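We use all heavy atoms of the structure for the numbers below, so side chains are in, but hydrogens, waters and symmetry mates are not. These numbers come from a predicted model, not from an experiment.
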Amino acid sequence: MSSALNEVVSSDLEELILVNSQDENVGTRPKRECHLGQGELHRAFSVFIFNAAGEVLLQQRTAQKFLWPLYWSNACCSHPRAGEDSEDAAHRRLAQELGISVPLTYLYKFEYHAQYQNIGSEHELCWVWIGFAEAKDISPNSNEVANWRFFSREELGNELSQNPDSYTPWMKMEWERIFKDHQDLLNR
């Protein structure tokens with residue numbers, strides 16, 4: 001499966017799902033408004049993709065991202081739209097951003113808040129998923145992905161300790177927990 005190399009797949013006007021800390025839907029709000037100031041708690045997801053060698057796919061976010069532009073992050077992260085299930089949204093965005101369609105395994109969800117300079121913040125209840133794909137299957141969307149590559153666990157560990165400010169805050173939190181609590185799912 002391959003997406004257009006420059007398809008616009010996101011809009012500041014799309015309606016995101018506002019939630020409370022129990023992940024109960026409490027309304028909707030346009031994406032940009034959810035991220036201004038301290039942000040409003042909304043549902044999100046993160047997908048980690050591993051290859052057969054056990055390496056993890058990371059992408060560098062494009063320069064036009066409102067928050068954390070040009071930071072490295074997990075394979076795919078975004079938001080379900082109003083009325084959309086989290087798993088369906090994760091599959092949609094994997095196809096739109098990386099041109100792949102793979103089975104996903106749900107790991108956990110957690111709430112976090114991260115401020116980006118004085119521009120805005122992420123305040124999300126994030127569902128975390130994993131899947132498996134190979135480099136030959138990846139066809140990145142240039143509107144979403146500036147760069148991408150697979151990292152070994154050791155390479156990424158070194159990168160995170162030497163250049164922690166080059167990575168998104170949610171990715172660092174999720175990466176740590178994946179290996180603490182879900183190592184067994186990574187061995188295929």
Side-chain angles (χ1 to χ4, degrees), residues 1-11 14 16-17 23 31 42-62 65 68 70-110 112 122 124-157 159-160 167-188:
M1 174 183 234
S2 177
S3 65
L5 294 178
N6 61 358
E7 177 186 3
V8 175
V9 297
S10 185
S11 162
E14 63 192 51
L16 302 188
I17 304 165
D23 198 23
K31 183 168 92 172
H42 58 280
R43 191 170 293 145
F45 62 84
S46 282
V47 180
F48 285 79
I49 296 293
F50 293 87
N51 65 17
E55 298 169 323
V56 65
L57 174 66
L58 296 187
Q59 68 155 284
Q60 184 182 33
R61 296 160 59 84
T62 59
K65 292 288 188 182
W68 288 277
L70 297 175
Y71 281 66
W72 285 87
S73 198
N74 49 294
C76 178
C77 43
S78 190
H79 315 91
R81 295 175 177 156
E84 187 177 33
D85 165 274
S86 182
E87 184 174 8
D88 291 341
H91 283 287
R92 172 179 53 82
R93 286 304 289 226
L94 277 173
Q96 292 172 333
E97 290 189 28
L98 298 170
I100 59 175
S101 177
V102 297
L104 297 176
T105 300
Y106 169 78
L107 298 183
Y108 65 93
K109 58 184 167 181
F110 74 111
Y112 77 96
E122 291 286 6
E124 297 183 332
L125 203 144
C126 191
W127 296 49
V128 181
W129 303 85
I130 63 167
F132 297 88
E134 297 301 323
K136 66 179 178 48
D137 302 321
I138 310 297
S139 178
N141 181 328
S142 62
N143 281 312
E144 297 291 323
V145 180
N147 199 356
W148 66 277
R149 68 173 274 231
F150 280 95
F151 288 78
S152 72
R153 185 174 175 188
E154 296 74 27
E155 286 176 309
L156 185 53
E159 271 294 307
L160 290 173
Y167 296 85
T168 59
W170 60 89
M171 179 267 177
K172 292 185 282 190
M173 289 181 261
E174 294 161 354
W175 180 249
E176 182 179 316
R177 185 161 172 192
I178 286 171
F179 282 99
K180 180 177 162 239
D181 298 340
H182 301 284
Q183 177 69 41
D184 58 318
L185 296 175
L186 304 180
N187 302 322
R188 290 183 8 145

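Using a 4.5 Å heavy-atom threshold, the side chains of Leu94 and Ile49 count as touching. Two residues are said to be in side-chain contact when any heavy atoms from C-beta on lie closer than 4.5 Å; Phe151 and Glu55 fail this criterion. Using a 4.5 Å heavy-atom cutoff, the side chains of Met171 and Val56 are not in contact. At least one side-chain heavy atom of Glu122 sits less than 4.5 Å from a side-chain heavy atom of His42. The shortest side-chain heavy-atom distance between Cys77 and Arg61 falls under the 4.5 Å cut-off. In this structure, Asn51 and Glu134 have side chains that are in contact, with non-hydrogen atoms separated by less than 4.5 Å.
Arg177 pairs by the salt bridge (Lys or Arg N to Asp or Glu O under 4.0 Å) definition with Asp181, not counting sequence neighbours. Here Tyr71 pairs with nothing under the side chain to side chain donor-acceptor pair (under 3.5 Å) rule; sequence neighbours left out. Applying the ring pair (Phe, Tyr, Trp, His ring centres under 6.0 Å) criterion to Tyr112, with sequence neighbours excluded, gives Phe110. A search for ring pair (Phe, Tyr, Trp, His ring centres under 6.0 Å) contacts involving Tyr106 returns Trp127, Trp129, not counting sequence neighbours. By the side-chain contact (heavy atoms from CB on, under 4.5 Å) test, Glu176 is found to be paired with no residue, residues two or more places apart in sequence or in another chain being considered. Trp170 meets the ring pair (Phe, Tyr, Trp, His ring centres under 6.0 Å) test with Trp68; sequence neighbours excluded.
Between the side chain of Glu14 and the main chain of Lys31, no donor-acceptor pair closer than 3.5 Å is present. Listed for the Asp137 side chain is no donor-acceptor partner under 3.5 Å among the backbone atoms of Ile100. Listed for the Gln59 side chain is no donor-acceptor partner under 3.5 Å among the backbone atoms of Trp148.
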Could you please spell out the steps behind the salt bridge (Lys or Arg N to Asp or Glu O under 4.0 Å) verdict for Glu155 and Arg149? CA-CA 11 Å; Glu155 286 176 309; Arg149 68 173 274 231; 3.0 Å; yes

One pair to check against side-chain contact (heavy atoms from CB on, under 4.5 Å): Val128 and Asn74. What are the steps and the verdict? CA-CA 10 Å; Val128 181; Asn74 49 294; over 6 Å; no

Using the side-chain contact (heavy atoms from CB on, under 4.5 Å) rule, take Ser78 and Gln96 through it: C-alpha gap first, then chi angles, then the decisive distance, then the call. CA-CA 11 Å; Ser78 190; Gln96 292 172 333; over 6 Å; no

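Listed here is the closest heavy atom pair of His182 and Leu107: CE1-O, 3.6 Å. Across Ala90 and Leu104, no two heavy atoms sit closer than the pair CB-CD1, 3.7 Å. The two residues Ala75 and Leu98 have their closest heavy-atom pair at O-CD1, 3.4 Å. The heavy-atom pair separating Glu174 from Cys126 by the smallest distance is OE2-SG, 3.4 Å. Ser73 and Thr168 make their closest contact through OG-OG1, 2.8 Å (heavy atoms, listed as atom of the first residue, atom of the second, distance). The two residues Gly83 and Ile17 come nearest to each other via the heavy atoms N-CD1, 4.3 Å.
With rounding to the nearest 0.5 angstrom, the CG atom of Asn143 is 10.5 Å from the CD atom of Glu97. Put simply, CG on Leu185 and OG1 on Thr105 are 6.5 Å apart, with the number rounded to the nearest 0.5 Å.
No option in Glu84, Arg43, Glu124 other than Glu124 meets the side chain to side chain donor-acceptor pair (under 3.5 Å) test with His79. For the side chain to side chain contact (heavy atoms under 4.5 Å, CB included) criterion with Leu58, the lone passing option out of Tyr167, Phe150, Trp175 is Tyr167.
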